[in-house]
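Below is one structure, written out as structure tokens; the observations come after it.
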2 protein chains.
Amino acid sequence: MDAYEFIKEAIILGKLEPGMRLGEETLAKELNLSRTPIREAIKQLEAEGLVIPLKRGVGVRRFTKEDIREIYDLRTLLESYAASQAAIHRTEDDLIALAKANELYEHSIEDTSHLDMKSVRRIVKVNQTFHEAIVAASKNSHLRFHISKVVVVPIVFRSFYWYNDFQLKQSLEVHKIIFEAIKNREPERARIAMHEHIFQGRDNVLRHLDDSEISHLLKEEVK
Amino acid sequence: MDAYEFIKEAIILGKLEPGMRLGEETLAKELNLSRTPIREAIKQLEAEGLVIPLKRGVGVRRFTKEDIREIYDLRTLLESYAASQAAIHRTEDDLIALAKANELYEHSIEDTSHLDMKSVRRIVKVNQTFHEAIVAASKNSHLRFHISKVVVVPIVFRSFYWYNDFQLKQSLEVHKIIFEAIKNREPERARIAMHEHIFQGRDNVLRHLDDSEISHLLKEEVK
DNA sequence: GGTTGACTATTTGTATACAAACGGATAAAT
DNA sequence: ATTTATCCGTTTGTATACAAATAGTCAACC
């Protein structure tokens, strides 16, 4: 496993918490590498905006409430466009992949009696598969590239952890509607459905942030 | 000047041509640096998609006609959204910056009797200022971040060089309409005007590519 | 007691040295 | 003559060494 993947994974899984600084020597020892490849990996993550420069070195970026609002707006725009494009450009293979991802999503929700850490993480992953399949069907590689960078932020922020299983079941229904729209080549219906879908997620997350029961996640600030 | 800026500038100005490979030792000597900081700069550019890995080392990315089509679609989406958001969130200061940028644009077109290399480059720069001012007024830093990466591609591709001065004058008119819409807080009008504006550029570029008089730019392929 | 200053230790930034991989050229064989 | 195999040169990838900067500590002075 290379340094970039390792560090990114660590940030996504929360093993490296926001605000935490990335010690090069430490990471190097952990990966049995010298500092050189570590530094290069960090430079990449910096270009993606996952880590930010500190006075000395870099630290895991801490996303504010405002960041989350902006990111969700952007993601809504990009993914609803992707859905509409998918309805135009999708092939039969895309449909198969889409159906399969959706089926997996359905199963992983049904198999989950209550939402613990592990099951949420599994659902996140399957959900991602569905969304990625749509983006792939849109046949715009640059759109895909930028969406992949945008989507990482809510994951790092742990947005998904604030869903309840009613919302999850509702998501499944919307997924099915989106699938049908793409299958039937109805760009506008696909776009609107996806727009609602992500905006719903946005609202849910922002509501929780306003409740500020988890606002401690945001309290400290990197110097 | 640091390595990242230097190499990026070189790519934008065409001093490093598409497909050309980036020799670390060469760049290091040119910048009076060792290979280490050069490599880090290259890693950043790689993360942004301006350079791509070759079998050995990296080379300046060659954008295909399909890339340009995708990029312009994406840019249309992002910037027309930015315009609509700007119409909502713009402050008085934003309007001042916008008016100023537009005035500069008007002057630099009027001062240009015919389109040589130098004047085109100046117009590109001023045009960029106007577009950036709109994005800034949208008050979404993440949107801004991604647009900045998307916009670079047409510049590297030299899309602007295929404009004639009638089209430039027409652009100015549209800029004024967009400005008015943002000033009057009309998001939808701003969005549509921007959409038309960029799509016009897209069509112009793609038409030229189809004419294939400049298709030699695309012919060789990096191994 | 708190604040300021200097010293030290740790960590980053850069340069260089070394190992490995790739490409090109030359030569031999079919 | 064309193709294949081996060798060598060049360039990248990684490790290490060294220089510079920052933060933390301890002490002295107000």
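Reminder, nothing fancy here: chain letters follow the sequence lines and each chain counts from 1. For clarity, every value in this text was computed on a predicted model and none was experimentally measured.
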Nucleotide C:dA21, atom P - distance to NZ of B:K55 in whole Å: 14 Å
Check the distance between D:dA15's C1' and A:N32's CG and give it to me in whole angstrom. 13 Å
Can you list every pair that meets side-chain hydrogen bond (donor to acceptor under 3.5 Å, both in side chains) and has a residue in residues 98-107 of chain A, with sequence neighbours left out? A:E106-A:K176
Set of ring pair (Phe, Tyr, Trp, His ring centres under 6.0 Å) partners for A:F179, sequence neighbours left out: none
Applying ring pair (Phe, Tyr, Trp, His ring centres under 6.0 Å) to B:Y72 and not counting sequence neighbours gives none
Pairs involving residues 120-156 of chain A, ordered by first then second residue, that meet ring-ring contact (aromatic ring centres under 6.0 Å, His included) (sequence neighbours left out): A:F130-A:H175, A:H131-A:H175, A:H131-A:H197, A:H146-B:H146
Those residues that, when tested against A:Y4, pass ring pair (Phe, Tyr, Trp, His ring centres under 6.0 Å) (two or more places apart): none
For nucleotides 6-14 of chain C, just jot down a letter per nucleotide in 5' to 3' order: B, S or -, based on protein non-hydrogen atoms under 4.0 Å. ----BBBBB
